[in-house]
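In the text below, chain A, chain B and the rest are named by the order of the sequence lines, each starting its count at 1.
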Amino acid sequence: MTARRILAAGWLLFMLFAFPGYLTTESLDQLMDARVDQFTDWYAPVMSWIWRLIGHLIAGPAGMLALQSLLFLAGAFGLLRRALPDRAAALATCGVLLFPPITTVLAVIWRDGQLAGFILAGAAAVASDRRGWRIAGLALLIIGATMRDGATIAALPIVVALFWWRADVVGWRRAAIAAAAWVAVVAGATGLDRGLADAETERPALTLARLDVLGVVRFAETTSDADLHAELARAGLAGAVPDDVHHQVRILYKYPERHAELLALPAKDDPSGRAALLRARRELAWAHPRAYVWHRGRQLRLALGLEPSERWTPIYTSFTEKPAQRLIVHQRATHSAAQQLLIDAVEETPAVLFRPYLYAALALLLLPLAIIRRQRDALALLASGLAYEASLFVTVVTPEYRHSHWLITCTVIGAVMLAARELSSRAARRARPAAAPVG
Amino acid sequence: MGDWSLPRRASALRDRLLAASPSTILAVGFAGLVLYAFPGFMSSDSVDQLYEARTREFNNAHPPLMAALWGVLDMLVTGPLLMLLAQAALFLGGSYGVIRQVLAPRPAAVAAVGLLLVPPVLSTMAVIWKDSQMAAYLLAGTAAMLSPRRGVRIGGLALISAACAFRYNGFAAAVPLVGFGFEWRPGLRWWKRYLISGAAAIAVVVLAFGVNRALTVEEAHMTPAYGDIVGVLAFTGDRTDADLRQVLRDTPLVVTRDIQATARRLYDPRNSYHLTTGPQRMFDGAATPLHQQALARAWKELIRGDLEAYLSHRRAMFAELLGLSDRGLWGPVYLGFTEFPDHPDYIEHDTNPSTFQVDVHDVLVRLAEDTPLFAPYLYAVLALIFLVAFSRDRISFTLLVSGLLYELSFLPTAGTPDCRYSHWMITCTCLAAVVIFVRRLDRGRARRAAT
């Protein structure tokens with residue numbers, strides 16, 4: 001079987017599991033944005049825009065599913081064939097694509113799946129020998145970087161370690177050009193994001209600010225309610241939180257969906273209220289750094305799967321989240337018998353494989369090996385996964401399994417690359433004395 | 001800088017396009033159809049068949065083999081997608097295989113894609129219908145029968161048998177294809193060859209009907225009697241109510257006074273659905289065996305009593321089918337993922353059309369309304385001209401006879417003049433035109449070369 005056929009078979013199996021693509025409320029919001037041609041900054045306007053473009057050809061989630069999975073497949077294959085022969089790389093790519101902790105997120109039309117697809121394809125293209133591909137890789141990275149807040153951080157190690165302009169430009173000059181390329185990626189992603197958003201709601205920033213305000217309140221236990229009220233009043237949030245704020249936050253901190261009961265988000269037409277909330281977050285964090293770090297640390301622990309969470313759903317296989325949504329978006333499907341078998345098989349996967357902290361630990365272990373072995377591509381991937389995961393420390397609002405999908409993807413591919421090269425060099429070492437002339 | 005010049009780039013692009021392999025060309029055509037139809041358009045018929053596929057309660061209202069095959073594919077991917085992929089692949093592969101007999105691979109691939117893009121062919125192939133499935137299996141079977149390998153030729157018979165099972169009048173298309181096209185062993189004397197191919201044709205038809213009968217779980221009362229009875233009454237001379245009450249005794253007749261006048265008022269050569277439904281209906285459904293037997297008896301009596309009236313009624317229906325009336329074509333282009341509002345609940349399937357689908361649909365509708373491209377009579381006339389004047393080879397002859405006979409089979413059977421019924425004749429005419437054109441071109445070239 002040729003590498004192409006192996007990849008096609010792997011992709012078809014993936015599509016059999018995911019077709020036509022699973023949708024959550026967030027996905028449906030973005031689908032509706034795409035349909036009505038109104039992009040807000042709630043999620044990723046670029047993703048809605050891409051969905052709109054694809055929707056011109058294929059309506060519904062199937063086109064997006066094909067896009068993210070094909071980009072993922074192409075990217076993973078492009079990287080793995082740097083360490084493996086074509087057929088082995090194709091087999092390994094299919095293995096990665098069909099590895100349940102990766103498959104389950106990629107099967108849903110989420111920013112996380114799109115991020116993984118675009119950045120992985122971008123990484124493979126940036127590492128290419130042809131300049132045209134490397135520039136195309138930067139473009140893919142720009143798109144990938146718009147998908148989530150920390151995605152530009154994920155692109156940093158990839159661009160800095162892998163991008164080169166000309167073969168004769170090496171050393172610090174190459175690094176400087178690569179750093180400039182990363183700055184261009186960040187600027188491009190920011191520009192694209194802002195340029196496409198029809199309405200600036202700042203909702204993600206405000207939700208994060210509210211979470212952080214409440215988080216600081218939760219862990220600043222030595223500060224009295226009165227002092228906290230005074231601090232919030234100074235920031236412009238006088239009377240915005242209940243009198244017994246400590247007590248209330250202690251109860252509701254764990255439930256982000258109930259945070260509005262403690263601190264309502266300012267209305268659309270209330271710029272001073274928004275500014276006050278953002279200012280309150282900044283000032284409280286500076287005033288109580290220890291509480292802020294504890295609070296953010298807890299969010300990261302949740303994202304890493306180190307603490308149990310009600311929002312922890314690593315396997316999601318519904319075509320819509322609520323029955324009424326099917327009517328709104330005119331998307332309806334049922335699982336086929338084969339699909340149900342695959343879902344059952346995935347559900348049998350040991351739960352421990354869905355714990356991101358294991359991949360974080362593995363990536364941290366493999367990172368020095370990649371440095372010692374001078375494997376720049378594997379190093380770039382591992383660093384990218386870890387950097388993105390670390391960025392969750394400041395960016396994550398409602399930690400979910402899917403947030404760690406990029407870390408898991410990078411760790412698995414990086415580990416395969418390192419192992420493949422290690423095995424191949426050991427085999428070469430063993431073969432060398434045998435090949436030496438006898439006598 | 002010269003490498004980047006526009007003319008040079010355009011020329012390079014043209015060279016690359018001209019050098020595209022046949023499989024690439026076919027893949028582009030295949031992708032085009034799938035993109036237009038994704039994930040497969042479905043009408044009420046298709047929805048009923050998908051429902052039967054899932055429940056496995058096969059009703060003979062639609063030949064059950066198609067629902068049975070759909071049931072298998074639905075276990076892999078729910079909905080119409082795999083049926084669409086199957087019919088697109090078999091149609092393209094089949095037409096390519098037939099055209100390959102007269103053309104080199106690349107032009108054959110271009111012609112096969114061109115055939116698929118003929119508007120009345122494309123519009124039907126986008127829908128999961130018995131007609132499109134039948135055409136796809138027939139073409140694939142025909143191509144397989146032209147293979148030098150006997151195993152493949154026998155596989156072709158199996159495909160044609162399946163096609164024959166997809167429509168009850170499919171045998172009219174299948175018999176000429178097998179009868180003229182099947183060869184057990186090259187070099188046999190003509191009578192031996194046709195004896196074997198005739199037997200094969202009978203086997204193909206018997207197998208198709210046998211499989212359908214074996215699969216049928218629930219027998220529905222399928223009869224053209226309502227439309228024909230009203231049609232004969234509309235065209236025959238004046239008859240009294242007493243006389244007609246006698247002829248129509250024991251039938252579920254609702255109207256008991258002014259029977260013939262009511263029949264003449266209700267008669268519509270395009271549709272007989274309203275004769276048994278709604279407050280203006282003339283009959284109730286035949287719910288009991290007594291009703292069914294009485295209907296069959298009355299139907300035969302009326303036809304035998306005035307064959308000319310029956311033929312006038314059938315001619316009127318056939319004229320509608322061929323698009324010869326002023327009332328326009330019946331559903332030349334269809335775009336819909338389900339037909340009625342309760343269908344999404346019924347089969348748990350729904351989606352929206354893409355802009356591309358809507359745009360292509362609009363173009364097809366405009367072509368159907370403003371040009372005669374979709375008019376079946378045009379292809380019937382062309383097929384007759386080709387058959388009489390130009391067809392000098394077995395492939396085009398077989399295709400033309402198959403298309404025409406199949407179309408003719410609707411003369412006594414059609415209940416509505418759906419455009420999709422003429423899809424096979426249109427496909428055969430276009431395909432035969434390619435074969436005849438290429439053969440004549442080759443002969444002309446050979447003659448010129450000789451002189």
Roughly how far, to the nearest 0.5 Å, is [atom2] of [Y] from [atom1] of [X]?
{"X": "B/Thr78", "Y": "A/Phe319", "atom1": "OG1", "atom2": "CZ", "value": "5.5 Å"}
{"X": "A/His56", "Y": "B/Leu35", "atom1": "NE2", "atom2": "CG", "value": "13.0 Å"}
{"X": "A/Arg52", "Y": "B/Thr355", "atom1": "CZ", "atom2": "OG1", "value": "7.0 Å"}
{"X": "A/Ser336", "Y": "B/Leu82", "atom1": "OG", "atom2": "CG", "value": "8.5 Å"}

Q.
Under the rule for side chain to side chain donor-acceptor pair (under 3.5 Å), what residues qualify as partners of A/Asp33, not counting sequence neighbours?
A. none
Q | B/Ile347 side chain near A/Arg332 side chain, heavy-atom distance below 4.5 Å | A | no
Near [X] [atom1], under 6.0 Å, is it more than 12 heavy atoms from other residues, nucleotides or ligands?
{"X": "B/Met75", "atom1": "CE", "result": "no"}
{"X": "B/Tyr51", "atom1": "OH", "result": "no"}
{"X": "A/Arg131", "atom1": "CZ", "result": "yes"}
{"X": "A/Trp49", "atom1": "CH2", "result": "no"}
{"X": "B/Asp15", "atom1": "CG", "result": "yes"}
{"X": "A/Arg87", "atom1": "CZ", "result": "no"}

Q) So which heavy atom on B/Ser354 is nearest to which on A/Gly55, and how close? A) CB-O, 3.1 Å
Q. What heavy-atom pair brings A/Ala59 and B/Thr351 nearest, and what distance separates the two atoms?
A. O-OG1, 4.2 Å
(Q) Can you tell me which of A/Gln340, A/Gln331, A/Arg326 forms the most heavy-atom pairs within a distance under 4.5 Å of chain B? (A) A/Gln331
Q: Return the option, out of A/Arg35, A/His335, A/His330, with the maximum number of heavy-atom pairs under 4.5 Å with chain B.
A: A/His330
Q) Measuring heavy-atom distances to chain A, does B/Asp74 have an atom under 4.5 Å in its side chain, in its backbone, in both, or in neither? A) backbone
Q: Let me know if B/Pro344 has heavy atoms under 4.5 Å from chain A in its side chain, its backbone, both or neither.
A: both
